[in-house]
Visitor: 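Here it is, the structure in full.
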Amino acid sequence: MTEQSYPPNLVTDAVDGVRKRHRKEIRFRLLGLSAILASLGFLVFFIASIVTTGYGAFVKTVVLVDVDLTLDSLGLEDGYTPKDLEEISYRTVARNAIRDMFPEVSGRSARRELTGLLGAGAEFELKDFVLKNPDLVGAPQSFWMTASDDFDLFNKGGAREETATQLSSQQKDWYRSLLRDSRVKTTFNASFLTASDSRDPELAGVWGAIKGSFFALGICLLLSFTVGVLAAIYLEEFAPKNRWTSLLEVNINNLAAVPSITYGLLGLAIFLGIFGLPRSASLVGGMVLALMTLPTIIISSRVSLQAVPPSIREAALGIGASHIQAVFHHVVPLALPGMLTGTIIGMARALGETAPLLMIGMVAFIADAPASVLDPASALPVQVYLWADSPERAFAEKTAGAILVLLAFLVAMNMAAVVLRKRFEKRW
Amino acid sequence: MMNKFNMALAAAALIGATGTAPALARDEIRIVGSSTVYPFSTVVAERFGKTTEFKTPVVESTGTGGGFKLFCAGAGENTPDISNASRAIKSSEIALCASNGVTEIVEVKVGYDGIVVANAKGATHFELSTRDLFLALAKDVPDENGGLTPNTAKTWRDVNPTLPATKIEVLGPPPTSGTRDAFAELAMESGCKSFAWVKDLKKTDKSKYKAICHSVREDGAYIEAGENDNLIVQKLVANENALGIFGFSFLDQNSDKVQASTIDGTEATFDNIADGSYAVSRPLFFYVKKAHVGVIPGLEEFVLAFIDEEATGEDGYLADRGLIPMSADEHTAQAAKVSNFEPLTH
């Protein structure tokens, strides 16, 4: 007998085993796929709900109002000076304009309801218009003015009866008659991006918050990047490896996991309490955020320094470079893309933080955009938080709109991180 | 690549350099305190900034207690000028202020605020009494003979046979909130006092009286829903069985979504709160540091703008925002008192 015979079990066992392994693999893939699909689903739901609510923040309702700009109604006389134009009571002019459009309305409360159709900023809008176009003074003009928040919601909500209970039925009738005369339209709301915080939703914008965030992040970058990178270079390239440096290392890693409000408390006690820096200033905000991002930057910078092959360092030293020269001319430039990526990710986290800012007074109503880092300032996430807490209904869409602006900045920063990495990355 | 590094540093330095203007002397008013007064304070601040040459005051919402802590930390530029409060200042807070050198404090009454108990529109409308609220929400329920038993009421019918048999589920603010303090003081305490022996206890053992009347049950019937009243409104719409406790201005803004229960037979309306017939209403205040008047530019003008007829008067713009104004007489008296900046006497 030359033929070799195998025990029959061995073949079937092997086939079974292979099948089992394949099944396992398929199961694992399905699980992974469903995990990704689930998180993608959440993300899509989140973005969709924010975009559908927040879209309204970027458009506004305007009403075409006939404004009587004759000298008589402005209370001016021939030969008026530009200074006289500034001192007109535009509030009265705006009120008279809307009243003249519905001359049949009488009675105090009805007239008050009528002027309630115009936004709280109508007088300032009118003033700007007149000061910019002084040659139009002297004749009746038609002028698109921002509508009040309730009116705006009613219009954008498709004028359904059940929306905007803040409007009386009479106000809704006025709306319909204005709509018939095509005196109502929706336009891009530029002031949402150029104005600062206001308690009137139709006037509120994110500019002050963007500026505050910009100042705070600038300070944060300046401090945390320089200190963080220098600390990382020292620890990685120069520091002796002993018990103290490993203790330091453990502490830095721990700091990265400390809840962010702790840094706010630290800032309150030290920067405000001991140094006496001004409360609510973006300078202090940036310093607190820098404390928070420092550990992240140190850790990522050290990792990217470690990733530079030792041969480069050794080659530099071998042809006579000093230690400092080897590090700063050869190692650091190669590690820089990784350091920058870590920094940008740390910055993106700092951009979304409110907790540390709460303690140092940046969570506040600040209507003037900051002009310097010492002025009181808020920040984008703070604006989201404050608007979410406001009673006026129209702030819901402003909240979502501010979240969209914040997300846009975050996406831009993360894109920058990807681009930097792609462009400067070296592979060995 | 070193160039890139240098450029990044230069850019960062530039950002830092834009903020070199020395702003040592503070030229804007700083306000801290109650989140209930915040929506009104900010409106006055914004108008003040727009219509005068002064800067817009900065308003922080820190809660009444947190506000006084900052306010009483001392006098000087690093401390706030005004503290908003949804209750009167306590004697302990006056003492804290005095020990830090803040001796002259001017009290300004702004108006009133109602606290409403509401549920989703379309659900059963509740007609509650303060006693019902107390029996539903108290931690321990007194009986007529001077005993205390832990609260076991599951449904509103257990509390009062005329009420529907829905589960007791009340969303309200956490203990750090002034609204919660006021609710405990005005609604719960008044229901609590309907027990004769508890009422007598007030004279003999005040702290025990307070413990009985102000303690809210912790078995899930009262749900702490955070300080955000908008969130409470949303949760009420999603859950027809729940009732929610929040300020009148949020009822005003959401009257298409929620309805307020009557309390002791009185509806929570603007007029009923203004004339005092609605039980759960409280005065709102702000406190001014007199030492800062004349030092911080615009402070005096701001206080006067706040008590102006145009702001806090019966037809003032704050009434449109949900503030319940004082009666004309009270307003005139208040304005006269405040315009002299008479400090509190203690």
Side-chain angles (χ1 to χ4, degrees), chain A residues 108 112 116 120-121 124 162-166 197-200 203 214-215 217-219 221-223 225-226 229 272 276 278-283 286 328-329 332-334 336-337 340 343 361-368 370-376 386 388-393 395-396 424, chain B residues 1-2 4-5 8-9 11-16 18-24 26 28 30-32 35 38-47 49-50 55-62 70 77-80 227-231 247 249-257 315 317 320-322:
Chain A
R108 194 163 166 225
R112 208 171 139 159
F124 305 106
E162 66 273 17
T163 58
T165 48
Q166 298 300 308
D197 197 6
S198 166
R199 291 283 294 116
D200 293 300
L203 302 180
F214 177 74
F215 281 145
L217 282 190
I219 300 284
L221 181 70
L222 183 71
L223 291 175
F225 186 72
T226 42
V229 167
L272 297 188
R279 199 173 158 84
S280 310
S282 45
L283 173 69
F328 280 98
H329 292 179
V332 171
L334 289 173
L336 206 55
L340 287 179
T343 309
M362 280 181 80
V363 181
F365 174 75
I366 293 160
D368 302 330
S372 79
V373 291
L374 290 173
D375 285 339
L386 288 175
D389 209 10
S390 298
E392 288 80 8
R393 186 78 75 77
F395 271 121
F424 298 116
Chain B
M1 225 170 283
M2 277 310 280
K4 290 248 156 60
F5 180 74
L9 273 186
L14 198 72
I15 295 167
T18 52
T20 44
L24 290 176
R26 180 154 62 84
E28 79 280 338
R30 306 295 306 232
I31 305 170
V32 294
S35 55
Y38 173 85
F40 308 125
S41 197
T42 46
V43 170
V44 181
E46 189 179 347
R47 277 189 171 249
K50 272 191 185 152
K55 280 192 163 186
T56 311
V58 172
V59 191
E60 274 183 68
S61 160
T62 60
L70 290 164
E77 261 178 48
N78 292 329
T79 58
E227 292 261 21
N228 188 330
D229 290 355
N230 277 327
L231 214 60
S249 52
F250 286 83
L251 176 75
D252 201 32
Q253 287 285 328
N254 295 289
S255 50
D256 59 329
K257 288 184 187 163
D315 285 316
Y317 57 80
D320 296 338
R321 301 295 183 131

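Throughout, a chain's letter reflects where its sequence line sits, starting with A, and its residues are numbered from 1. Quick note: numbers below take in every heavy atom, side chains included, and nothing from hydrogens, waters or symmetry partners.
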Visitor: Quick check on B:I31 against chain A: is it the side chain, the backbone, both or neither that has a heavy atom closer than 4.5 Å?
Guide: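 Contact with chain A: none, neither part.
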Visitor: Non-hydrogen atoms of chain B under 4.5 Å away: do they reach the side chain of A:L203, the backbone, both or neither?
Guide: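 Only the side chain of A:L203 comes within 4.5 Å of chain B.
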Visitor: Just verifying a value: how many Å separate B:F40 CZ and A:R199 CZ, rounded to the nearest 0.5 Å?
Guide: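 Nearest 0.5 Å value for the CZ-CZ distance: 8.5 Å.
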Visitor: Decide salt bridge (Lys or Arg N to Asp or Glu O under 4.0 Å) for B:R321 and A:D200; before the verdict, give the C-alpha distance in whole Å, the side-chain angles of both, and the deciding distance to 0.1 Å.
Guide: CA-CA 10 Å; B:R321 301 295 183 131; A:D200 293 300; 2.3 Å; yes
Visitor: Can you give me the closest heavy-atom contact between A:P391 and B:N230, atom names plus distance?
Guide: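 Of all heavy-atom pairs spanning A:P391 and B:N230, the closest is O-OD1, 4.4 Å.
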Visitor: Please flag which part of B:K257 lies under 4.5 Å from any non-hydrogen atom of chain A: side chain, backbone, both or neither.
Guide: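 Interface part for B:K257: side chain.
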Visitor: Return the minimal non-hydrogen interatomic distance between B:A45 and A:F365, and the atom names on each side.
Guide: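 Shortest heavy-atom contact: CB-CE2, 4.5 Å.
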Visitor: Under 4.5 Å, counting heavy-atom pairs only, tell me which of A:G116, A:A367, A:S198 racks up the most with chain B.
Guide: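 Sorted descending by pairs with chain B, the first entry is A:S198.
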Visitor: Within the distance-only criterion (no hydrogens, no angle test), does the side chain of A:R393 pair as donor or acceptor with the backbone N or O of B:N254 below 3.5 angstrom?
Guide: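 No; zero donor-acceptor contacts below 3.5 Å.
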Visitor: What are the two closest heavy atoms between A:D389 and B:F250, and how far apart are they?
Guide: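 So the two residues come closest at O-CZ, 3.8 Å.
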Visitor: Taking B:T56 as the fixed residue, which of A:D368, A:I366, A:D197 is the one that meets the side-chain contact (heavy atoms from CB on, under 4.5 Å) rule?
Guide: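 Result for side-chain contact (heavy atoms from CB on, under 4.5 Å) with B:T56: A:D368.
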Visitor: Less than 4.5 Å to any heavy atom of chain A: does that hold for the side chain of B:D229, its backbone, both, or neither?
Guide: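 Only the backbone of B:D229 comes within 4.5 Å of chain A.
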Visitor: Among A:G361, A:G276, A:A396, which has the most heavy-atom pairs under 4.5 Å with chain B?
Guide: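 Sorted descending by pairs with chain B, the first entry is A:G361.
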Visitor: Heavy-atom distances under 4.5 Å only: say whether A:S280 touches chain B with side chain, backbone, both or neither.
Guide: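 Contact with chain B is through both the backbone and side chain of A:S280.
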Visitor: Among B:T62, B:V59, B:V58, which has the most heavy-atom pairs under 4.5 Å with chain A?
Guide: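 Among B:T62, B:V59, B:V58, the one with the most close pairs to chain A is B:V59.
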Visitor: Between A:R279 (side chain) and B:N78 (backbone), is there a donor-acceptor pair under 3.5 Å?
Guide: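 No; zero donor-acceptor contacts below 3.5 Å.
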Visitor: Does any heavy atom of chain B fall under 4.5 Å from the side chain of A:L272, the backbone, both, or neither of them?
Guide: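 Neither; nothing under 4.5 Å.
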Visitor: Given heavy-atom pairs under 4.5 angstrom as the criterion, report whether the side chain, backbone, both or neither of A:F395 touches chain B.
Guide: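 Neither part.
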